[in-house]
Peer 1: 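I have a structure I would like to understand better, so I am pasting it below and will then ask my questions one at a time.
All values below come from the heavy atoms of this structure, side chains included, with hydrogens, waters and symmetry mates left out. Keep in mind it's a predicted model, so treat the numbers as computed, not measured.
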Amino acid sequence: CDALSHAKTYLMRQRKFQALDIQWHLSRLEFTYSRTNGFHPHFHIAMGVNEWKQTNEDMLKLEWMRVCQKFGLKCSFDRGLDVIVDEDFNEVENYIMKNSKDMSYEIASDGTKSSKHQSVSMEYLMDILAGIETDERYTKEDSRRILEIYYVGIKGKSIFSASNKFKDIEEGLTQDGETEKEEEEQDDQAQEPGAPRLKIGRWILHYLAKTNQ
């Protein structure tokens, strides 16, 4: 995980990456698990770009392979980095905020799509442990064991990170306090005191989309 985080930071400081003129970015450290490959840490990164060319994706794939090698990591051209171009933010919003139940499933890094090799998210394992989902591959005890290892591993690590430009946009939108207050009231209704809270509202992504940012 440490090598992966250092690699992501290094990539974003490279001239080729900077040349994309990214307006802002928001990233989430994500984990999936499969019987075949174990834990698979990776980043979901939403980026605001005014113009995008197909050649940018190939460049990023090659740069990511080079950077991973530098930090002792391995990735392939086909599976190491995926790009989704989404003009209305619906798909990106689900991807970064885990809004869709379908996002509980992700394909394992071996590229197979059979249920035997399909990886599952930590959220899905939580649902199994809570009795919301059932899966013949993972019992409640399996899920508990995997989640305990996961939480020990991520202790002290930052799951979300945002660029300074994103933080400036968020601060500008919440200066009057109205939208922030509305979000807090919604959170208070949805969560018990002391529950984990994420202070990144989906409304920010909506604003960026509507204002063509």
Peer 1: Please work out which of the three classes, parallel, tilted or perpendicular, describes the rings of His40 and His42, given edges at 30° and 60°.
Peer 2: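 Plane angle under 30°, so parallel.
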
Peer 1: Is there a continuous path of hydrophobic side-chain contacts, each under 4.5 Å between heavy atoms, that joins Ile22 to Val83?
Peer 2: yes

Peer 1: List in chain and number order the residues that pass ring pair (Phe, Tyr, Trp, His ring centres under 6.0 Å) with Phe77, two or more places apart in sequence or in another chain; answer none if no residue qualifies.
Peer 2: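 Phe77: no ring pair (Phe, Tyr, Trp, His ring centres under 6.0 Å) contacts found.
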
Peer 1: Does Thr139 reach the side chain of Asp142, with side-chain heavy atoms less than 4.5 Å apart?
Peer 2: yes

Peer 1: Can you find a pair of side-chain heavy atoms, one from Leu29 and one from Leu4, that are under 4.5 Å apart?
Peer 2: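 Leu29 reaches Leu4 side chain to side chain.
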
Peer 1: Identify whether Phe43 and Trp24 are in the same connected component of the hydrophobic contact network (ILVMFWY, side-chain heavy atoms under 4.5 Å).
Peer 2: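 Same hydrophobic cluster.
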
Peer 1: Can you check whether Val49 reaches Gln23 side chain to side chain, under 4.5 Å on heavy atoms?
Peer 2: no

Peer 1: Between Leu73 and Met65, is there shared hydrophobic-cluster membership here, with clusters defined by ILVMFWY side-chain heavy atoms closer than 4.5 Å?
Peer 2: no

Peer 1: Return the set of residues passing side-chain hydrogen bond (donor to acceptor under 3.5 Å, both in side chains) with Lys8 (not counting sequence neighbours), or none when no residue passes.
Peer 2: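 With neighbours one apart ignored, the set is Ser27, Ser161.
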
Peer 1: Indicate the ring-plane relationship of Phe39 and Phe31, choosing parallel, tilted or perpendicular according to the 30° and 60° boundaries.
Peer 2: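 Plane angle over 60°, so perpendicular.
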
Peer 1: Does any part of the side chain of Leu125, heavy atoms only, come nearer than 4.5 Å to the side chain of Asp127, both counted from C-beta?
Peer 2: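 When only atoms from C-beta onward are counted, Leu125 and Asp127 do not touch, as no gap falls below 4.5 Å.
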
Peer 1: Just jot down the side-chain contact (heavy atoms from CB on, under 4.5 Å) partners of Lys53, sequence neighbours excluded, or say none.
Peer 2: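 Result, side-chain contact (heavy atoms from CB on, under 4.5 Å) vs Lys53: Thr55, Asn56.
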
Peer 1: Looking at side-chain heavy atoms only, is the closest gap between Asp2 and Lys157 below 4.5 Å?
Peer 2: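 Counting from C-beta outward, Asp2 and Lys157 do come under 4.5 Å.
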
Peer 1: Who pairs with Glu57 by side-chain hydrogen bond (donor to acceptor under 3.5 Å, both in side chains), at least two apart in sequence or on another chain?
Peer 2: Gln54

Peer 1: Please examine the side chains of Glu51 and Leu20, heavy atoms only from C-beta on, and report whether any two atoms are closer than 4.5 Å.
Peer 2: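 They are not in contact (no side-chain heavy atoms under 4.5 Å apart), so the answer is no.
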
Peer 1: Less than 4.5 Å apart, any side-chain heavy atom of Glu141 and any of Arg144?
Peer 2: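 Heavy-atom side-chain distance check passes, below 4.5 Å.
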
Peer 1: Would you call Met12 and His25 a side-chain contact if the rule is heavy atoms closer than 4.5 Å?
Peer 2: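 Side chain of Met12 against side chain of His25, heavy atoms only: contact under 4.5 Å found.
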
Peer 1: Under 4.0 Å between a side-chain nitrogen and a carboxylate oxygen: does that hold for Glu148 and Lys155?
Peer 2: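 A salt bridge is absent here (no side-chain N lies under 4.0 Å from a carboxylate O).
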
Peer 1: Sequence neighbours excluded, which residues qualify as ring pair (Phe, Tyr, Trp, His ring centres under 6.0 Å) partners of Tyr138?
Peer 2: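 By the ring pair (Phe, Tyr, Trp, His ring centres under 6.0 Å) rule, Tyr138 matches no residue at all.
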
Peer 1: Checking side-chain contact (heavy atoms from CB on, under 4.5 Å) against Leu11, which of Glu63, Lys70, His6 comes through?
Peer 2: Glu63

Peer 1: Transitively linked via ILVMFWY side-chain contacts under 4.5 Å: Ile149 with Leu147?
Peer 2: yes

Peer 1: Would you please name every residue forming a side-chain contact (heavy atoms from CB on, under 4.5 Å) with Lys140, sequence neighbours left out?
Peer 2: Leu129

Peer 1: Indicate yes or no for a side-chain donor-acceptor contact from Arg35 to the backbone of Arg137 under 3.5 Å, with no hydrogens or angles considered.
Peer 2: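 Yes.
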
Peer 1: Looking at every heavy atom in both Cys75 and Gly80, which two are closest together, and how far apart are they?
Peer 2: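 Minimum heavy-atom separation between Cys75 and Gly80: CB-CA, 3.8 Å.
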
Peer 1: If you look at every heavy atom in Leu60 and Leu81, which pair is closest and at what distance?
Peer 2: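 Scanning both residues completely, I find the closest heavy atoms to be O-CD1, 4.0 Å.
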
Peer 1: If you look at every heavy atom in Thr134 and Tyr124, which pair is closest and at what distance?
Peer 2: O-OH, 3.9 Å

